[in-house]
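The basis for the numbers below is simple: all heavy atoms, side chains too, and nothing from hydrogens, waters or symmetry mates.
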Amino acid sequence: MAAGRLTRTVGIVACGRAAHTIGVLAVWGILARPWTQIELGIFLALWTATSSLVPLFLLGLPTALLYFHPRTGLRGQRLLIAQVGGLLLVAGAILFAGMVSFGPALLQRWRPEDLGEVAEIRRYLLAFAPYLFALVAGGSVEATLVAAGRPAHQAALAVAGAAGLVAVAATVAACNASVVQALYGFSAVGVTKLLTGLMLVARCLPGTQDSSNGVRSLGELLRYAMPIWLADGVGSLSRYVDRLVVLGFFTAATFPLYQFGAIEVPIGLLLSAVVTVLVPEVSRLYANRQLAAIGSLWRQAVGRLALIVLPLWAYLFFFAGPLITLYATARYGPAVWVFRVFLLALPLRCAVYNPLLVGMGKARWAFWGSVGDLVVNAGLSVLLVQMLLTRGSEWAYLGAAVATVTATYLQVGFLVGAVAFHLRWRLQDLLPWWRLLRVGGWATGAAGLAWWLTRSLSTPALVLGWGTAAFTALICLGLLLDPPDRQELRYVLHSLGRHRHGA
């Protein structure tokens, strides 16, 4: 029963996060139609640059709340939630004040020809600062609702917030509203979501009964949160560093060509399901020194993930053109090359590396892998962009994408090497090489043939529709010819269904 509840909770939380991600992507696609390229570039630049700051101001406190909540008595839980909520309210207020007070002068040094004078920059930041304040101040809401056994409330709140963002974007498109008006609309959604979340938290707070467990001190809370804050900060900078480099070298009008291509393929639900199962099992096996069993579990997980990730990669790579055109309009067609460069890293998602190290109690290796990824990504992005710019290339922004993918491969190589070192694996023991080659080869051939059959169709919608049908038919043919892969895929889909519905 406990395992079923855990699976259901993970699935519900993942669905809420997926709804937010899909909502943001929908907002970008909607606003690509009414706005000029420079207007959309300013909006995306503000959204991206400021969003990179949010994890830094969350201070690792939401994760600390999840850790301490079940270890604290009822009386202590109220104080814990109040402490985390109060600290995040202060952090959100500092972010708001800093953006409004110092943001205009900093941004004016960056690209004044794009954003205008300081007074105009302040209008943008003042309109968007409440949204970011709400993100930080509400950082404890999700953690509190999940810890209190209300994951459905958290997911509903996330879905409602995503729907609000989409509604604002649709209204902006219909009324041809300005960037500043849109930012005020998104801020209104964010603040409304924050207030609703706080009301939900207040309703699920425990009573004031005494408990045998002591109240957690603020110092203990901050000491636990500090390494989490450090890891989250490094992770956030690693995720956004290539975009920040592009913002530093190119005008805002160029930024959408990069941002629309740098969209991450959302396979988080799949990976979160694997992590939920893999980490405790690896921890148990490693404690018993059953290294061979860990290897078998690892290769099995990689092989099963490959049955979904590799066909998805092949399909997206060949049909990136019509996908980007339908999503962001033909005006942003050059983004397809950025998208394809980033897709080169998607096959790496056939495996989850950090959780394997965490399960073995080697989380520090994962952290230093992230630090290395940030340093290499930042340095290589600047180097490649500058080199391409000096040669007068109009595709110089691709240098940041190439740097990101290169850094990702180096990071994965480091993590896999760490795993192999601790488990004493040889190269041939690391991955199910034959299955990866077989599935990847068939998926690439199927996608290439489907693209060739539909390349002459007149519209992107027709290419995508008939191409998807042809690709699906070819993949199904491959599964019919390979019963073991068919059985494995059936198991994966069945497990995802249970993961999603809490079975």
*Check whether more than 12 heavy atoms from other residues, nucleotides or ligands sit under 6.0 Å from atom CH2 of Trp229, and answer yes or no.*
no

*Audit row: Arg150, Leu200, side-chain contact (heavy atoms from CB on, under 4.5 Å) steps and yes/no*: CA-CA 9 Å; Arg150 303 288 194 277; Leu200 291 174; over 6 Å; no

*asked:* Checking side-chain polar atoms at under 3.5 Å, does Thr468 have a donor or acceptor matched by the opposite partner on Tyr315?
replied: yes

*Start with the C-alpha gap between Arg243 and Gln259, add the side-chain angles, then the distance that decides, and say whether side-chain hydrogen bond (donor to acceptor under 3.5 Å, both in side chains) holds.*
CA-CA 7 Å; Arg243 295 160 175 83; Gln259 181 73 329; 3.0 Å; yes

*Donor-acceptor contact present, side-chain Ser187 to main-chain Ala127, <3.5 Å*: yes

*Passing candidate, side-chain contact (heavy atoms from CB on, under 4.5 Å) with Val179, options Tyr184, Trp35, Phe128*: Trp35

*Take Val245 and Tyr397 through the side-chain contact (heavy atoms from CB on, under 4.5 Å) test and state the conclusion after the steps.*
CA-CA 9 Å; Val245 168; Tyr397 54 82; over 6 Å; no

_Can you tell me how far apart CD1 (Ile22) and CG (Leu165) are? Round to the nearest 0.5 Å._
13.0 Å

*asked:* Closer than 3.5 angstrom, by distance alone: can the side chain of Ser51 be matched with the main-chain N or O of Thr48 as a donor-acceptor pair?
replied: no

_Let me confirm one number: the CZ-CZ distance from Phe318 to Arg455, rounded to the nearest 0.5 Å._
12.5 Å

*Exceeds 12 heavy-atom contacts within 6.0 angstrom, atom CZ of Arg239*: no

*Verdict with reasoning, Tyr131 to Thr50, per side-chain hydrogen bond (donor to acceptor under 3.5 Å, both in side chains)*: CA-CA 10 Å; Tyr131 178 79; Thr50 53; over 6 Å; no

*Side-chain ion pair, Arg349 and Glu264, N-O less than 4.0 Å*: yes

_Side-chain donor or acceptor of Glu39 paired with backbone N/O of Thr36 under 3.5 Å_ = yes

*Hey, mind stepping through Asn377 and Thr404 against side-chain hydrogen bond (donor to acceptor under 3.5 Å, both in side chains) and telling me if it holds?*
CA-CA 5 Å; Asn377 194 352; Thr404 300; 3.3 Å; yes

*Quick check: does any side chain N or O of Arg33 sit under 3.5 Å from a backbone N or O of Gly29, one acting as donor and the other as acceptor?*
yes

*Could you give the distance from CG (Leu183) to CZ (Phe186), rounded to the nearest 0.5 Å?*
7.5 Å

*Which value, rounded to the nearest 0.5 Å, describes the distance between Ser236 atom OG and Leu56 atom CG?*
5.5 Å

*Inter-residue atom distance Leu135.CG - Leu194.CG, 0.5 Å rounding*: 9.5 Å

*Roughly how far apart are Leu380 CG and Thr406 OG1, rounded to 0.5 Å?*
5.5 Å

